Amino acid sequence: MRWLVGWSSIAASFGTAGRVAGHGAAHASDQGAYGSGNGSGNGSGNGYTSGNGYGSYGSGSAPDAWGDGPVRGGLADAGHPDEPGAADADRTVVPVGAQLLWGDPDPLWAVGDWRPDEIRTLTADPADPFTRLAVLGCCGATDAELRRALYAARGGALRHLTQWPGSYTTVVQAGRRITVVGDLAGARPVFYTPWASGTAYATAALPLADLIEAQLDIGHLAALLACPDSPEALGDGTPYVGVRRIPPGHALILREGSREITGYEPVASLAVAAPTADPELAVEGVREALVDAVRARLTAPRHAPETLPYDPGPVPGMGPADRRAARGAPAPVPGVGADLSGGSASATLALLAAGLPGAPGALLGRTGERLLAVTFNDLATPRGREPELERAHAIASDPRLHHVVVAAAEEALPYADLEGPLTDEPGPSLVSAARERRRLAAGSADHFTGHGARQVLDAHPARLADLLLDRRRRHLLRPTLALARSAPSEGDSPLVPFLVPLTVYAAARRLARTPYRAGMEAAAARLRDGIPAPGHCSPVDASLAALTWSRPGPAAAWLTGEALAEVSIRLSAAAGRPPLSLRPGEARARAVLARHAADHRVFEQAVEVRSQRLHAPFLDNQVVRAARALPESLRVQPGARAAVLRGVLSSAGVRDLPAGWGATAHAPNESATRLGLRAALPHLLTLFASPLLADAGLIEARVVRQALMDAADGRPVPLDGIAELVSMELWLTRLLARRGTCWTGTSTPRRRAVPTGVPLRRPALS
């Protein structure tokens, strides 16, 4: 885990923060990282660990912050003499394992196992040291481009800081003004909280929650389960009270502690319709953005993974494989790799990365290997994925690819191994993290994934309403006919092909005529009335459910009435605050992308393999911008994503694609999920015997236990909702079991989030 943290306070002044000398460099690493662990840590500075003791940072002595002279870059723990910590105000608050990027009066640290090339700092003029720029992550900009963007940002132009290929976070200091820029998708979020007469910010929420000893925000957790795709219900909150998140496409501006959140993307006019984009030029823009995104990763310096610890030799009762497992999973191979699942997104990235000239995918010594392509073969449920595996083998016949197939059976089913690290926030990927980690461990030190392609390139069903608003009814014909063909024939009724298009058209017309306020109020009323037990959901049912301003999530049916009522209050309050876009399709597409980007960030933390970097180019700023320029009439057509990616590969010189390439991939394997649930059912029933979610008043334990048994028996239960409930319960368990903290030098010896546990259920008003 890697994050950056800093703050701006009106109480800070030059040369006054951090006044105590005599702290040794080892003091920081002895305090322990956040996370609860078995006392070993992983030695790589990733921060989050799990088990029964402290983790430890292996990379963070931070000589700039802990030297023999005065400590720089800290801040007194007490803001005023009357505060309880005033007696220890000479202590300096410093993140554990931090690398100081710049010091007082507005310090900035990088924490975790950052690579040297992933941290770039630049000063505009040596005579003006307080006008500077820090870029953290993979960024394809040159030093000259960074310097020009710094000059522009000093004058207030922020969009220049987001136009380079790659995935990164940018921090600009201009005097006492600090600007932290988030990304468009939300995969690199920025959090903030009031602190010491100013504002502290970070790219992770848990460190800030530790800093202020925040309690759990039960209302936010309820909204995350009830309406995960509705930013109106989630707002700018996090699972921690007092810690806020800036929306995607916005920047946080701090001026001596005072804060302002501003957007850097142009807002479309509501009076004049946007000009019609040329489809060919739009696809060409997507190609250029994807090629630049892949090239930015390939041209970055190569990194050899860290070597495993020394094997002490035979241990009684342990074979070589057991000793390797005790030391940790093997490090990935050097070089660049990619997923190759047989889908169009991963295949596009693999072929683009293998075809770019002058950027070999492997280090010297691995002759003949340009790019390592990894395919996962589920032996427990072999049926249903044969066409995808055949396409993956056909694509891997390219001599520029080295194909590796990772096969696993029952040991890699979902829910098979629920032990793992503590992530920053809960996410549904926690139940399948061990399965994904097994696949990624066979990959390279830099690994491409196709995550986000569906949310970035595909059209949300609500965009049908946007077409009606633009009076483009003829473009609705093909998508509605495709839904009619996918509809199950009930009794072989000949009216199904005619009724489905009419039903979809009526739903899109109703959404187009529903104002935002009325849509939010209707969604709130639906939650107050209760969510019926979900059943089987066909593609037509899913599309009809998505044709609304807000819809409940798959886990909403298992929440208590009090939890649903609290979420409905949030939606009712949001009805008076108009969204960024009043077009329902565009607003829903942005919300779904933001939710997926947040889940991908949790996925990265949950499946983290030592010394490996996961790259999702489809979530880069420039790729998201290029995809938004695609005309809606092109995006809503069946097979639009495959057609766009085929055009991208054709422009890049790749035209020989296997038969069936671009076919719609199946949903996550339901058979594997049910097998995993059935095998892990005893452990899951124990987990929900006295769950923390029930203590918080969000669920009834007996109801969830019955849902688990129904899902294991094969009854029609939404498996996505089960995954969300189990993941949140796992996350709460790990959060409360942790014993470490992110900070040292505080007046509280062990300052951490949720110090008093989960708040108990509040009695309902009679």
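Source: prediction; values computed, not measured. Just so it is clear, the values below take in all heavy atoms, side chains as well, and ignore hydrogens, waters and symmetry mates.
Between the side chain of S651 and the main chain of G647, a donor-acceptor pair closer than 3.5 Å is present. At distances below 3.5 Å, not a single donor-acceptor pair connects side-chain atoms of D229 with backbone N or O atoms of V592. Looking only at distances, no side-chain donor or acceptor of Q99 sits under 3.5 Å from a matching main-chain atom of W109. For R635 (side chain) and A627 (main-chain N/O), a donor-acceptor pair under 3.5 Å exists by modelled atom type. Under a 3.5 Å cut-off, the side chain of W731 and the backbone N or O of T423 do form a donor-acceptor pair. Checking side-chain atoms of R302 against main-chain N and O of L298 turns up a donor-acceptor pair under 3.5 Å. Distance alone, capped at 3.5 Å, is enough to place a donor-acceptor pair between the R435 side chain and the A412 backbone. No donor-acceptor pair under 3.5 Å is formed between the side chain of D620 and the backbone N or O of P165. Side-chain N or O atoms of T375 include one that pairs as donor or acceptor with a backbone N or O of L340 at under 3.5 Å. Put simply, the side chain of W114 gets close to the backbone of V111: a donor and an acceptor are under 3.5 Å apart.
Two residues are said to be in side-chain contact when any heavy atoms from C-beta on lie closer than 4.5 Å; H596 and V456 fail this criterion. Side-chain contact between D183 and T162 is absent, with no heavy atoms from C-beta onward closer than 4.5 Å. In this structure, V374 and V406 have side chains that are in contact, with non-hydrogen atoms separated by less than 4.5 Å. Contact check for D339 versus F376: no side-chain heavy atoms found under the 4.5 Å cut-off. Side-chain atoms of D599 and P428, non-hydrogen and from C-beta on, do get closer than 4.5 Å to each other. Proximity of R245 to E425: side-chain heavy atoms (C-beta onward) are separated by under 4.5 Å at one or more points. Side-chain contact check for C742 versus V96: every heavy-atom pair is 4.5 Å or farther apart. No side-chain heavy atom of V336 sits under 4.5 Å from any side-chain heavy atom of R297.
Interatomic distance, S611 OG to D446 CG, rounded to the nearest 0.5 Å: 10.5 Å. In this structure, the separation between CD on Q605 and CG on L614 is 11.5 Å, given to the nearest 0.5 Å. Here the CG atom belonging to L730 is positioned 9.5 Å from the OH atom belonging to Y415, to the nearest 0.5 angstrom. A distance of 10.5 Å separates CG in L413 from OG in S671, rounded to the nearest 0.5 Å. Taking CD from E388 and CD from E390, the interatomic distance works out to 11.0 Å, rounded to the nearest 0.5 Å. Remark: R2 CZ to D113 CG distance equals 5.0 Å, nearest 0.5 Å.
Heavy-atom minimum distance, F448 versus P617: CD2-CG, 3.6 Å. Across all non-hydrogen atoms, the minimal contact from P554 to E724 is CG-OE2, 3.9 Å. Nearest heavy atoms, A185 versus L619: CB-O, 3.8 Å. Listed here is the closest heavy atom pair of L184 and E265: CD2-CG, 3.4 Å. For R601 against A205, the heavy-atom pair with the smallest separation is NH2-N, 4.4 Å. R120 and T142 make their closest contact through NH2-C, 3.7 Å (heavy atoms, listed as atom of the first residue, atom of the second, distance).
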Exercise for review: Run the numbers on H683 and L418 for side chain to side chain contact (heavy atoms under 4.5 Å, CB included), then give the verdict.
Suggested key: CA-CA 9 Å; H683 177 60; L418 297 180; 3.5 Å; yes

Point to revise | side chain to side chain contact (heavy atoms under 4.5 Å, CB included) assessment of E604 paired with E608 | key: CA-CA 6 Å; E604 282 186 308; E608 185 175 23; over 6 Å; no

Review point. So L136 and T203, side chain to side chain contact (heavy atoms under 4.5 Å, CB included) or not? Walk me through it.
Key: CA-CA 11 Å; L136 290 90; T203 54; over 6 Å; no

Check your understanding: Run the side chain to side chain contact (heavy atoms under 4.5 Å, CB included) check on R625 and Q163 step by step: do they pass?
Key -> CA-CA 9 Å; R625 284 195 181 100; Q163 293 182 329; 4.1 Å; yes

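Contact check on D117 versus R115 returns no salt bridge, with no Lys/Arg side-chain nitrogen under 4.0 Å from an Asp/Glu carboxylate oxygen.
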